[in-house]
Amino acid sequence: MTAPFDPSDRLAAPSTSPARPPVLAVEDLHVTFRTGRREVPAVRGISFEVGPGECLAIVGESGSGKSVTARTLVGLAGPGAEVRAERLDLAGADVRRYRDRDWRRVRGRLAGLVLQDALVSLDPLRTVGAEIGEVLRTHGMVRAGERAGRTEYLLEQVHVPEPALRARQYPHQLSGGLRQRALIASAIAGEPGLLIADEPTTALDVTVQAQILRLLAERRAAGTSLLLISHDLAVVAQLADRVLVMRDGEIVERGRTDRLLRAPEHPYTRGLLAAVPSARSRGRRLATEVRDRTGGSPALRAELPARTVAPTGTVLEATGLHKRYGSREVVRDVSLRIARGETVGLVGESGSGKTTVAQLLFGLLDPDAGTVRFADRPWSRVPERARRPLRRRLQLISQDPLGSFDPRYGVGRIVGEALDPAVDRADRRDRVVALLDRVGLGADLLDRHPRQLSGGQRQRVAIARALAPRPDLIVCDEPVSALDVSVQAQVLDLLADIRAADGTALLFISHDLGVVHHLSDRVLVMHDGAVVEQGPVGDVFSYPRHPHTRALLDALPTLVTG
Amino acid sequence: MGRDPADGRGDRDGTRLRPEPPARLRRVPRNRLRRVPGTRLRPVLRRLGTGAVVLWAAATAAYLALLAAPGDTVDSIVGDGADSPQIRAQVVAEWGLDRPEVVQYLDYLWRLAHGDLGRSYLLQRPVAEVVGDQLLPTLKLALAAAVLGVALALLASAGTAGSRRPWLRRVTSTTELVLVSTPPFLIGIVLLSLLSFRFGLFPVAGDRGFAALVLPAVTLALPIAGLLGQVLRDGLDRALDEPFVVTARSRGLHERAVLVRHALRHALLPAVTLAGWLFGVLLGGSVIVEQVFGRPGLGQVTLTAVTGKDMPVVLAVVVLSAAGYVLVSTAADLAYLLIDPRLRRS
């Protein structure tokens, strides 16, 4: 069901002049992976063009074939990949019959590749300068003596301060934003006409993400064509002229960015757009039924179940928390109160101290000053023995459920372990099955091991485990930031259902303001270890008073949908 | 349908699992970088200190073990020579055996600290001389075997890592497995009977010239190459799966450069861990190989000393090998710092 190749799209792109040939032309591209006897078609007959100076985006979820497409374009689809195409032209040359030697001339010189998370995408054992210089060396761009100077110039081009110093440092010594800039510098070192960016901002904070997107826009203004690959429509909307939506290896919709966001035609695109949590989606369901992806505009979505917050009943209260590591104060005078059944959002960039706050509230760390009370009893600076009977009433859902499961346990045992030890064996299985049912998982998963589950299933198992002891409060530490947008929508809906049914209070920690806005009653904004602003979520996000809150909100890529 | 096979780490799950260190920890100010050479000295000094303690412990343990062993020291010294109460009294006086054991032990330590290894009971020569004469052939053999083994392992692993040449990979890893599980003396005997007895390519015994070194070195090197090759290939495979390798390839790098400049350094880290094991194999292996090929060396000396209860020589060999171990593991620790900049901070 490939959408017909629409030539008007090509003409519609603003910066494409008909006289100049496209940088990249793909027609009927198929990529199939062969493992043993099995054939897995990853890309199934897609066609598109990228004009000079144009930015084309491919949007899709994991498994949609978008990353395979990106890698195929530089001949790195991997071993066992079978690539077929009617046309595959890169910078005017047919690359279909290219051998490795030919590809090496293309890579870095005609097309540069930027991957996500430079901590692992740059060689951790080599300096940033060596990594950038490698492109210059491989393609014989500048003489050996001039390489260092050229490397510094490139780092300057991507706005890395103190380029001479940074060139001598290793990736782990740079912040996430600087690392990603260095990775981009290495991709543009060979002055390629096409830059392929595969999820270039996915591991970054919103403010850093905005900076990286600006940087990519700069490269494009300088004449580089851009193929942007992302799962995030909002990110793509900032930059792309045209968008392709991919699903299961096929393009289901294509068009100019503003048109596609305003009037999506395909139900899948509509579902994707509706699944993005934001201020507009507040109080509504995000996920579209898998079987019936009719979509519908967010305004028509079903309402979330009603619930009551008991403003007088306090579950957890923290006053004047301080925590320092050495001479560094990571938490400064943080106070917060969570009412029974309330959802409190805690937002901030990485390094703002929100995880340390979570550890203090959870009783994993003791504060240097201040107190935490849980269930009307002292919770901080008491022996663990005093906390243990109450532990079951405070649960945690982390960003990485896989790391919090024993890999040798099956799902049944993972969830069953969290049940009240008094529950006898005969009942246990039924209780676990009932819990799994609540989070939308079947009993057939009981014997599966964590590695055999998808990301969404794992997070559901983590939720089932957190629910098992019927807690008063669940601390959710970035529970959806590793998930695709549609899976994220399902998990958020699930959390909303659970708090309505059980009256569980949630502390929702996230760097994603959209997610927090969608779900929380109140929000606290953290910056440099201190809470700089707090209040009802609507007030804080609509009329931010603190400059840092404003900066966070400004950096948030938004979808302007019709 | 599952996820696309090449997506692996590239997509959302996976890469963000590592908690990011707080921003202020990640930035390294200029002055701290400049101070690095100074801070590197302290771990070196600490390791040397630990090394001294290890040496002392090894010397003491060996001393106590020999003390506890049955038999009389005077018997060992007198050996098959003339025996009479006068001679015995003379021996006791000459070697100071009538002193309390603690004093003897402290005297031994004191001499050891000054580099005096004592006199051999059997040969009536200074131990330093006895060992020194035999050290060179063994060192030659060990060094040749180590270099050959590491080189073979590097070639075999780099040539077959990744998914290229699957048939060669299968052949190589099977060969490695066979080599690892065969005792070295068997390899030596097979090589001897084939290349020396049948074809007369190499001398059967002795230590004259380069040709005499070939077969013993190969015998000792093959098991080393077998295990090291497997460890290196595993490390290379793992490194080749990392996203930074995709980035390196996307720069137009030749596959050989990807292996040598990127993957190999990552693969070396687990291999360096084996340095201690390597030293042990060389030490233990050379005793056997020297027997099989009739070579002079430490192995011969040790064997004679142990059977003859020649205490000073045995002690010297023990202390010497402990020193070797300390040296090798210190070098390995420093090699880690050299290879992996992430370890340099603490």
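Because only heavy atoms are used, hydrogens play no part in the values below, and waters and symmetry mates are left out as well, while side chains stay in. A, B, ... follow the sequence lines: proteins, then strands. Residue 1 opens every chain.
- For chain B, the option among A:R126, A:R109, A:R101 with the highest count of heavy-atom pairs below 4.5 Å is A:R126.
- Residue contact with chain B, scored on non-hydrogen atoms closer than 4.5 Å, involves the side chain of A:L183 exclusively.
- Side-chain N or O atoms of B:R238 include none that pairs as donor or acceptor with a backbone N or O of B:H266 at under 3.5 Å.
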Starting from the C-alpha separation in whole Å, work towards a yes-or-no answer on side chain to side chain donor-acceptor pair (under 3.5 Å) for B:H262 and A:D123.
CA-CA 7 Å; B:H262 292 273; A:D123 191 335; 2.7 Å; yes

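- Side chains of A:R166 and A:Q169: a donor on one and an acceptor on the other come within 3.5 Å.
- Top candidate by heavy-atom pairs under 4.5 Å with chain B, chosen from A:G353, A:P192, A:S186, is A:S186.
- In this structure, the side chains of A:E39 and A:E82 stay at 4.5 Å or more apart for every pair of heavy atoms.
- For A:A111, the part sitting under 4.5 Å from any heavy atom of chain B is the backbone (N, CA, C, O) and nothing else.
- Interface remark: A:L115 contributes side-chain atoms only to the contact with chain B (heavy atom separation under 4.5 Å).
- At a 4.5 Å heavy-atom cutoff, the contact between A:T138 and chain B is made by side-chain atoms alone.
- Using a 4.5 Å cut-off between heavy atoms, A:R137 touches chain B through its side chain atoms alone.
- Going from atom CD1 of B:I224 over to atom CG of B:L179 covers 11.5 Å, rounded to the nearest 0.5 Å.
- In terms of heavy-atom pairs under 4.5 angstrom with chain B, the leader among A:G190, A:A70, A:P124 is A:P124.
- In this structure, A:L125 and B:P341 have side chains that are in contact, with non-hydrogen atoms separated by less than 4.5 Å.
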